[in-house]
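Note that the structure is a prediction, hence the values are computed from the model and not measured. Just so it is clear: chains get the letters A, B, ... in the order the sequence lines come, proteins before strands, and each one is counted from 1.
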Protein chains: 2
Amino acid sequence: MGEKDNLSLATILADRGVRLTRQRRIVLDLLDNSTTHLNATNLLALAREQDERINRATVYRTVNTLKRAGLIDELDLLHMEGEQHYYERRKASDHVHICCKSCGRVQELETELVAQLADAIFKQTGFLTSGIRIEARAKCPDCLATAEAAASTGDSDHE
Amino acid sequence: MGEKDNLSLATILADRGVRLTRQRRIVLDLLDNSTTHLNATNLLALAREQDERINRATVYRTVNTLKRAGLIDELDLLHMEGEQHYYERRKASDHVHICCKSCGRVQELETELVAQLADAIFKQTGFLTSGIRIEARAKCPDCLATAEAAASTGDSDHE
DNA sequence: CTTCCTGCAAACCTTTTGCATGCCT
DNA sequence: AGGCATGCAAAAGGTTTGCAGGAAG
């Protein structure tokens with residue numbers, strides 16, 4: 001497991017006999033190379049920088065293909081910026097998404113606790129897990145510092 | 001922490017000086033007493049059994065009030081049945097939601113791993129967590145048994 | 001009596017779909 | 001050449017909002 005992590009989505013799809021169009025290649029590349037989590041709107045905007053003509057429907061259709069193929073996962077990052085869904089390449093193991101409720105920054109964390117969780121789920125409920133989505137609402141170090149500074153000047157730290 | 005778990009939502013809101021209308025009481029009671037996870041559609045339908053006149057907008061507005069007050073949490077149960085959001089009373093500690101991808105059954109699990117996760121997040125990233133949403137895609141024991149039976153008769157177990 | 005909530009309807013936002021055309025293999 | 005993907009526009013699904021009237025404190 002995980003030996004294909006460095007293959008591009010395009011390569012993987014080609015191997016599976018999926019037709020690769022100009023539009024799909026653009027979206028796949030974006031998902032391969034993005035460092036942030038992209039939603040459909042972002043994807044469309046970025047894709048249009050490369051091809052003015054590309055349509056919203058194509059972005060959604062491509063993303064759905066990838067979801068069904070198990071190559072990307074869908075997140076909502078706790079709806080901190082609206083109702084859109086975010087997409088990321090599926091990695092070898094599930095990880096935690098930590099969202100700063102003050103500045104919106106999203107940090108990822110890999111920890112063996114996730115695997116332990118899957119084990120505990122099976123042992124305690126009999127449910128066999130095939131994927132876990134974990135999203136934490138949090139305050140990032142920077143925003144914590146800011147809040148502390150504000151507190152020491154008498155301001156209250158409202159959620 | 002947790003000493004108010006047995007107070008009704010209505011009581012808590014009243015304590016906070018929130019106006020309690022007939023409509024709100026109905027929605028609050030439903031959220032207090034439901035054993036399953038309710039979405040806006042369910043809530044509206046159930047509320048209408050008690051008061052034919054109650055409107056969708058009122059349900060949404062009540063739910064939003066509760067969300068902002070931190071009294072309920074919003075889930076999407078991995079979008080296994082559409083894009084609606086589900087609501088549940090916030091409990092003393094976060095727990096895991098396990099969704100059977102075959103039959104749709106949702107099981108909850110409390111485990112100290114969740115608190116460990118929050119600790120690990122803080123120690124390893126400096127993000128201070130105030131709530132974690134965990135949703136696992138899984139197969140429940142019944143559906144596992146069914147799949148096994150099917151497999152032994154030659155059927156394949158397709159995701 | 002005032003404030004805030006409600007119902008209604010329309011708007012809004014995100015995602016999906018039907019259809020005619022165009023492109024990949 | 002054939003089949004599948006695309007663009008377009010319209011529809012669908014879910015949630016929010018403006019406004020006039022009504023109920024709660």
Side-chain angles (χ1 to χ4, degrees), chain A residues 9-11 13-31 37-48 50-69 72-87, chain B residues 9-11 13-31 37-48 50-69 72-87:
Chain A
L9 287 170
T11 307
L13 288 184
D15 280 359
R16 299 190 185 183
V18 174
R19 180 187 292 189
L20 285 184
T21 61
R22 179 175 40 87
Q23 296 92 326
R24 279 185 177 173
R25 267 185 248 266
I26 294 174
V27 174
L28 299 178
D29 278 3
L30 287 170
L31 290 168
H37 295 90
L38 298 173
N39 59 32
T41 306
N42 300 155
L43 270 175
L44 179 60
L46 291 170
R48 282 198 162 148
Q50 292 175 57
D51 179 346
E52 192 59 49
R53 248 162 312 187
I54 195 166
N55 191 271
R56 213 169 34 248
T58 300
V59 170
Y60 280 109
R61 287 192 271 233
T62 303
V63 158
N64 280 336
T65 300
L66 293 168
K67 265 197 298 186
R68 284 190 223 102
I72 61 175
D73 286 314
E74 188 177 72
L75 310 168
D76 63 26
L77 300 179
L78 296 168
H79 301 135
M80 301 227 290
E81 341 214 313
E83 299 300 304
Q84 297 214 183
H85 300 145
Y86 298 81
Y87 304 97
Chain B
L9 287 170
T11 307
L13 288 184
D15 280 359
R16 299 190 184 182
V18 174
R19 181 187 290 190
L20 285 184
T21 61
R22 179 175 40 87
Q23 296 90 325
R24 281 186 175 172
R25 268 185 247 267
I26 293 174
V27 174
L28 298 178
D29 278 3
L30 287 170
L31 290 167
H37 296 90
L38 298 172
N39 58 32
T41 307
N42 300 154
L43 269 175
L44 179 61
L46 291 170
R48 282 199 162 147
Q50 291 176 59
D51 179 345
E52 193 60 49
R53 249 162 312 186
I54 196 166
N55 190 271
R56 208 165 46 243
T58 300
V59 170
Y60 280 109
R61 287 192 272 234
T62 303
V63 157
N64 280 337
T65 300
L66 293 168
K67 265 197 298 186
R68 284 190 223 104
I72 60 174
D73 287 313
E74 187 177 72
L75 310 168
D76 63 26
L77 301 180
L78 296 169
H79 302 138
M80 302 229 289
E81 343 214 313
E83 299 301 303
Q84 296 214 187
H85 300 146
Y86 297 82
Y87 305 98

Describe the nucleic acid contact of [X] in one word from base, sugar-phosphate, nothing, applying a heavy-atom distance below 4.0 Å.
X: B:R56; value: base
X: B:N39; value: nothing
X: A:R61; value: base
X: B:R53; value: sugar-phosphate

**OP:** Could you list all the salt bridge (Lys or Arg N to Asp or Glu O under 4.0 Å) pairs where at least one residue sits in residues 72-86 of chain B, not counting sequence neighbours?
**Re:** A:R133-B:D76, B:K67-B:E74, B:D73-B:R90

Residues in side-chain contact (heavy atoms from CB on, under 4.5 Å) contact with [X], at least two apart in sequence or another chain:
X: B:A10; answer: B:S8, B:L20, B:L28
X: A:N39; answer: A:T41, A:N42, A:Q84, A:Y86
X: B:A69; answer: B:R16, B:L71

Subject >> Heavy-atom contact window of chain B on DNA chain D, given 5' to 3' at under 4.0 Å >> reply: D:dG14 to D:dG25

**OP:** Assign each of B:R48 and B:V18 to its nearest nucleotide of DNA chain C by heavy atoms, then name whichever residue's nucleotide is nearer the 5' end.
**Re:** B:V18

Original post:
Looking only at heavy atoms, which two atoms of A:A40 and A:Y87 are closest? And how far apart?
Top reply: N-CE1, 4.2 Å

**OP:** Tell me, please, the opening and closing nucleotides of DNA chain C, 5' to 3', among those with an atom under 4.0 angstrom from a non-hydrogen atom of chain B.
**Re:** C:dT3 to C:dC8

**OP:** Kindly check if the number of other-residue, nucleotide or ligand heavy atoms within 6.0 Å of CZ (A:R48) is above 12?
**Re:** yes

**OP:** For A:R53, enumerate each residue passing the salt bridge (Lys or Arg N to Asp or Glu O under 4.0 Å) test, keeping only those at least two apart in sequence or located in another chain.
**Re:** A:D51

Original post:
For DNA chain D, whose closest nucleotide is more 5', that of B:T21 or that of B:A40?
Top reply: B:A40

**OP:** Would you mind telling me which residue lines up with the more 5' stretch of DNA chain D, A:R19 or B:A57, judged by nearest nucleotide?
**Re:** A:R19

**OP:** Would you mind reporting whether A:L13 and A:R19 have side-chain heavy atoms less than 4.5 Å apart?
**Re:** no

**OP:** Using modelled atom types only, decide if a donor and an acceptor are shared between the side chain of A:T58 and the backbone of A:I54 within a distance under 3.5 Å.
**Re:** no

Subject >> For B:L30, the option from B:L43, B:V59, B:T62 that meets side-chain contact (heavy atoms from CB on, under 4.5 Å) >> reply: B:L43

**OP:** Might you work through the side chain to side chain contact (heavy atoms under 4.5 Å, CB included) test for A:H37 and A:L75, ending with a clear yes or no?
**Re:** CA-CA 9 Å; A:H37 295 90; A:L75 310 168; 3.6 Å; yes

Original post:
the helix from C:dC1-D:dG25 to C:dT25-D:dA1: angle between its terminal axes, five pairs each, to 10°?
Top reply: 40°

